[in-house]
Protein chains: 2
Amino acid sequence: MSNAYNRPDQLSPELRRRVLETARRLGYPGPDPVARSLRTRKAGAVGLLLTENLSYAFRDPAALGFLEGLALACEDAGTGLMLIPASPEREDVAAVHRAGVDGFVVYSVPDDDPHLAAVLERPVPTVVCDQPDIGNVDRVGIDDRSAMYELAQHLIAMGHRRVGVVCMRLARDRNDGYVSVDRQHAAHFHVQRARLAGLAMAFSEAGVDWSKVPVVERFDHNTASGEAAAAQVLDRDPSITALICTSDILALGAMNEAKRRGLRVPEDLTITGFDGIQEAERAGLTTVRQPVLEKGRAAGKLLLDVGERTRPRSVNLSTELITGTTAAAPRTIAEERWFGP
Amino acid sequence: MSNAYNRPDQLSPELRRRVLETARRLGYPGPDPVARSLRTRKAGAVGLLLTENLSYAFRDPAALGFLEGLALACEDAGTGLMLIPASPEREDVAAVHRAGVDGFVVYSVPDDDPHLAAVLERPVPTVVCDQPDIGNVDRVGIDDRSAMYELAQHLIAMGHRRVGVVCMRLARDRNDGYVSVDRQHAAHFHVQRARLAGLAMAFSEAGVDWSKVPVVERFDHNTASGEAAAAQVLDRDPSITALICTSDILALGAMNEAKRRGLRVPEDLTITGFDGIQEAERAGLTTVRQPVLEKGRAAGKLLLDVGERTRPRSVNLSTELITGTTAAAPRTIAEERWFGP
DNA sequence: TGGAGTGACCGTAACGGTTCAGAACCAATT
DNA sequence: AATTGGTTCTGAACCGTTACGGTCACTCCA
């Protein structure tokens, strides 16, 4: 029976024909994939854990790029890709337990997320992305800290010393406003924590008291958040010469806000982003490009690679500083006197 | 055992504690989802069949909107969403057979696609989107024919009689060029067939010989294709006053080409699209908006709705004609004389 | 003609859960 | 003391497949 469908060489054409004919007559719909999976111990699919409203994954360009890369890797391998329903509201971890998959990819979830814990309990290989090294799982990501450090040095070399920072959600609780240094260190999103650490290091080395640098956080990740956050920083600290955003989306929002205030970029205010999404490129944003699609593809490859899985592997992809047209040396008061505002 | 995990009320707390403790000591990782699925006959996931390189789904705004809507419906229901690897190259239908899912959503595949046939053989509920009514499955879509008919009438009312058409892939074979009326009728993509039929009807009624109207097809769906197709039409028929595209993406490409040729839109050339994507709105395109996100959500709801599944249901969503700034009455020769070109 | 070798076919035992019938137990009622 | 009722617990059947070993018939060669 099974052979008739899956191993035609194991039986005579005649018998095969008879079996298939009878099966059809009896209304047999072909082998049941679930039973097959149980027997062969292969589900033929990998799960993607996102802990974010799924629409986020489809609207955020960086997440979308990752998703595409992962999907490509799965397609190459002929494997299904299962999106696990795990919104942040829903504490319900059952979906993770119920998923019939051969492995998980975990994309940028807070390190205290219960879904992540549930995934790690499952006895299947896992690849985490944009997370610190944890447990016995593979990892793929970039060196967020160094990348941001480099960007900061770029600004420092231009002469920026009074800066403000706009960052994404640092933990699962909503905190739309200023961020203490403690909260920065305790951030549960590795990516954000690392980027802030890179900034802190660079500016501290340049003699700037980091604890005095205004850092504001936004829970939602869209341009409206970027606008509001930028407004908050500029209201309290109109004298800053640069606004460093930890994502391009936030930076694009900040650009809008600057424009609304009549601030010229970069003459009056330098704005930088992070990610290197297409919209940022169009806007000429100074930012750090990271290979989001490659990240997804690498995660998929790592998970689907049947090779030796002796010890956890860690893949670091490289980033590139994009010097756009939104960063320039701050004009000094003296210059303002000479050339006018 | 099972009860300890899933039905705490069926046994004493003491026993439950003991069972769980022992399980942990023995390194038992919790119930196996696949075995559970086999027994309960529920996989907790729905499959999405796209027959298109998966990256298409993540790059094309309309497909992306559909995907988002579907994902939202799945998230609401706590169901997983599995992307089935079925690129057009790969004739391999095994992935459809192997997918452990409770149902399928089929999005805009040619009606002779082997993957579609494989899905229909599976004894699980199926919802097709942007397809004609087939077999015993639910359907969700729009009335492409009427929507396009309405758009055509809008142009006809403006006075357009000499028009050209740019359409998407009509079948699985690549045919980048002119399309015979036969091929139009035989198109395997229902959506494209219906839209062309709507145009043919409207223009025939207006006294235009449809068989003389240039219709060019492009296999790939991106702005570059739109540009090339528009060029092809304009090269052969410089006298057309309107270029009707069956998607916004193609229309945006056509706009680029018009600009390159120094043709003003809409003064020299009217261009229309179809879909109502955001980029089109920004460009002020005259187009037909269809509720892509709602389409995805409706498909998901239909599939996940446990209600009576006696006979196939068919959901038609409504569309809206968007009168943008890319369509206007054609200028007559007389007008040209008066006002200059 | 006998024995080994070959290929086709068939029967059965897992895979790991869920479910359900019934056993075992205890308490309350007749 | 025996019956009844109710709860907690145990064991076995079943879901549908694949892997594997065994049977059987047949051929080939000595």
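Numbered from 1 within each chain, the chains take letters A, B, ... in sequence-line order.
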Residues A:Arg193, A:Asp111: salt bridge by 4.0 Å N-O rule
yes

Between B:Asp130 and B:His190, does any side-chain donor sit less than 3.5 Å from a side-chain acceptor?
no

Within the 3.5 Å criterion, strictly below it, is a donor on B:Arg169 or B:Asn175 matched to an acceptor on the partner's side chain?
no

If I take atom [atom1] in residue [X] and atom [atom2] in nucleotide [N], what distance separates them, rounded to the nearest angstrom?
| X | N | atom1 | atom2 | answer |
| --- | --- | --- | --- | --- |
| A:Arg36 | C:dG17 | CZ | P | 21 Å |
| B:Arg39 | C:dT18 | CZ | C1' | 5 Å |
| A:Glu14 | D:dA25 | CD | P | 18 Å |
| A:His97 | C:dT18 | NE2 | P | 13 Å |
| A:Leu20 | C:dC9 | CG | P | 13 Å |
| A:Arg16 | C:dC10 | CZ | C1' | 18 Å |
| A:Leu26 | D:dG16 | CG | P | 14 Å |
| A:Leu38 | D:dC14 | CG | C1' | 12 Å |

Rounded distance [0.5 Å steps], CZ in B:Phe66 versus CD in B:Gln290
10.5 Å

If you only use heavy atoms from C-beta on, which nucleotide in C:dC15, C:dG17, C:dT18 is closest to the side chain of B:Asn6?
C:dT18

Nearest to the side chain of B:Thr40 - C:dG16, C:dT18, D:dT17?
C:dT18

Considering just the side-chain nitrogens and oxygens of A:Arg41, establish if one lies under 4.0 Å of OP1 or OP2 belonging to C:dC15.
no

If you compare every side-chain N and O of A:Tyr28 against the phosphate oxygens of D:dT17 (OP1, OP2), does one of them come in below 4.0 Å?
yes

